[in-house]
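Take a look at the structure set out below.
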Amino acid sequence: MLQVAFIKENKEDVIARLAKRNIDATKIINDVIALDEDRKAIQTNLDNTKAESNAISKEIGNLFKSGEAQKANLLKEKTTQLKEVTKTLEQQLNDKVDGLNELLYRIPNVPNPLVPAGNTDEDNEETFREGDIPTLHQGALPHWELAKKYDIIDFELGNKITGAGFPVYKGKGARLQRALITYFLDKNTAAGYTEYQVPHLVNEASGFGTGQLPDKEGQMYHVTADNLYLIPTAEVPATNIFRDSLLNESDLPSAITGYTPCFRREAGSYGAHVRGLNRLHQFDKVEILRVEHPDNSYKALDGMVEHVKEILKELKLPYRILRLCGGDLGFTSALTYDFEVFSTAQDRWLEISSVSNFETFQANRLKLRFKNSEGKNELCHTLNGSSLALPRVLAGILENYQTEDGIKIPEVLVPYTGFDIIS
RNA sequence: GGAGAAAUGGCAGAGUGGUCGAAUGCGGCAGUCUUGAAAACUGUUGAGGGUCACACCUCCGGGGGUUCGAAUCCCUCUUUCUCCGCCA
């Protein structure tokens, strides 16, 4: 969430930049500022009342000590009154703070100036494209047909065991998936990311820290018996590693990577676009995450983009990079680049990575700060991205690498798979 | 799951009703000394709100209560440790 001080200091700019998300934030911003003024007035009033009763309490203590009990008892009456006042003011203060937070939770992050205006994914700006789209042989198939033909992914079996959106990977399909995970992790650790294995269930505080709660709980599976949530992305546990921390400037940047399964309810999704591996309830993903000094975060974002590019280049998959427009930008992000791989047999682009700078938006909620060179505590910037989301990469490989003889394995993966063709 | 113990500043660890935002040690920072470093010595060193700056308010795991006054007493939740049970 945004900081009130920041909103106050940059009011017009905040409203102007939020307009890129096609929202008129004028009212809510004004309400925030007004509520904060109220809050401050009540706070001051409360502080003064408390100061008065603290002083009297001290006096009472002294009077008892010097044996003037009668005087002390007289003063007690006064503090009883003050206590009533304190109680009322505290209630008022809580109401204001709750009201203020309620508003703040609803304000999305302020887009970076680079974010193009626009409403839908049609307005996203393509910034880069690489890799040749292969010309497929006669009778080329979409990946779900290939999966069946070579018996490497069984969607029906998943239906039986769990339900739609929980595929079962078999034989070389399973091995290819594992190869990809290991390959991605190797690439990430080679680039300086430290590998972590994090929990796949998180508590409420963690869901809140990264912004899934309180609003977007519908996207997560909730284990009610223990009040835990299955993670929709490794971002949640990995970012919460840093919740409530005060780092030294020398600890920055901190870069971590991790593989986890991801669970998403995807309520309301249906149709051809969710066929096969396109959209699942459970999928695997390797995530990269950075905690950066504010001065360095955009450089770091570019670095992450370059890193993901390198992986796709090595895999020799046709892909493009989009700079998300205001209307498509995630709630918590200031600037996001989406990577899409071309699914040749489906003739459409599939999102396989999303790399974002959240600036201080998450750090504010997480209370993730560092001690700067002046000795002051300052919020860190957080960034994360996928490197990469497995199923759609797999779909891309299956479709783009299919030949009449079978599915070739990208060269860089052969050491990991131990075979070079699925036939 | 059962029984018991505990939770204090970056860390370790005192503190059982008022003078405690909290002794002491370590660590950090600054200085003295030194060609430089180490050692030694001296000083300094939590967070949030508030203020031009002070003042002032809040925070001793979370929440609630008793009291004029709570780190300290009571209730409750969470977590950790020890023992027992179960177990990959």
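Side chains included, hydrogens not; waters and symmetry mates left out as well; all remaining heavy atoms used. First the proteins, then the strands, lettered A, B, ... as listed; each starts at 1. Keep in mind the model is a prediction, meaning the values are calculated, not measured.
If you check every strand for non-hydrogen atoms under 4.0 Å, A:N48 touches nothing. Residue A:N62 is out of contact with every strand shown, counting any heavy-atom pair closer than 4.0 Å. A:K78 comes within 4.0 angstrom of nothing in the nucleic acid, heavy atoms only. Heavy atoms of A:I56 sit nowhere under 4.0 angstrom from any nucleic acid atom. Within 4.0 Å (heavy atoms only), A:S57 reaches at least one base atom of the nucleic acid.
In this structure, B:U19 forms no base pair with any nucleotide, since neither Watson-Crick nor G-U wobble geometry is met with both distances under 3.5 Å. Across the strands present, B:C59 finds its partner in B:G46; the criterion is a Watson-Crick or G-U wobble pair with both atom distances under 3.5 angstrom. When both distances must be under 3.5 Å, the Watson-Crick or G-U wobble mate of B:A70 does not exist. Base pairing of B:U51: no nucleotide in any strand meets the Watson-Crick or G-U wobble criterion (both distances under 3.5 Å). If you check B:U80 for Watson-Crick or wobble pairing at under 3.5 angstrom, you find it paired to B:A5. When Watson-Crick and G-U wobble pairs are counted only if both distances are under 3.5 Å, B:G31 pairs with B:C41. Under the Watson-Crick and G-U wobble criteria, each requiring two contacts below 3.5 Å, nucleotide B:G36 is left unpaired. Across the strands present, B:A12 finds its partner in B:U24; the criterion is a Watson-Crick or G-U wobble pair with both atom distances under 3.5 angstrom.
Taking the nucleotide of RNA chain B with the nearest heavy atom to each of A:T79 and A:A51, the more 5' of the two is matched to A:A51. Positionally, the nearest nucleotide of RNA chain B for A:G61 lies more toward the 5' end than for the other of A:Q43 and A:G61.
When the P atom is used for both B:G43 and B:A23, the distance is 15 Å, rounded to whole Å. If you take atom C1' in B:A71 and the same atom in B:G46, they sit 15 Å apart, rounded to whole Å. Here, B:A6 and B:G13 have their C1' atoms 14 Å apart, quoted to the whole Å. Going from the C1' atom of B:A47 to that of B:U8 covers 14 Å, rounded to whole Å. Atom C1' of B:C60 sits at a distance of 10 Å from the matching atom of B:C20, rounded to the whole Å. Rounded to whole Å, the separation between the C1' atoms of B:U58 and B:A70 comes to 14 Å. Between B:C74 and B:U16, the two C1' atoms lie 14 Å apart (nearest whole Å). Taking atom P in both B:A30 and B:G36, the straight-line distance is 16 Å, to the nearest Å.
From A:F242, atom CZ reaches atom CG of A:D244 across 13.0 Å, with rounding to the nearest 0.5 Å. Note that OG of A:S387 and OH of A:Y259 are 13.5 Å apart. Values are rounded to the nearest 0.5 Å. Here A:N119 contributes atom CG and A:N22 contributes atom CG; the two are 4.5 Å apart, rounded to the nearest 0.5 Å.
A:L289 approaches A:E235 most closely through the heavy-atom pair CD1-O, 4.4 Å.
Bracketed by its first and final contacts, the part of RNA chain B lying under 4.0 Å from non-hydrogen atoms of chain A reaches from B:G18 to B:G69 in 5' to 3' order.
In this structure, A:E292 contributes its side chain and A:P253 its backbone to no donor-acceptor pair below 3.5 Å.
When the options A:L324, A:I321, A:I352, A:V355 are evaluated for a side-chain contact (heavy atoms from CB on, under 4.5 Å) with A:D338, the one that passes is A:L324.
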Validation: residues 222-232 of chain A side-chain donor-acceptor distances under 3.5 Å, sequence neighbours left out:
unit_1: A:H222; atom_1: NE2; unit_2: A:N227; atom_2: OD1; d: 2.8

Let me check something: any side-chain donor-acceptor pairs from residues 413-423 of chain A under 3.5 Å, sequence neighbours excluded? List them with distances.
unit_1: A:Y416; atom_1: OH; unit_2: A:D186; atom_2: OD2; d: 2.7
unit_1: A:T417; atom_1: OG1; unit_2: A:L413; atom_2: O; d: 3.4
unit_1: A:T417; atom_1: OG1; unit_2: A:V414; atom_2: O; d: 3.3
unit_1: A:T417; atom_1: OG1; unit_2: A:F419; atom_2: N; d: 3.3
unit_1: A:T417; atom_1: OG1; unit_2: A:F419; atom_2: O; d: 2.7

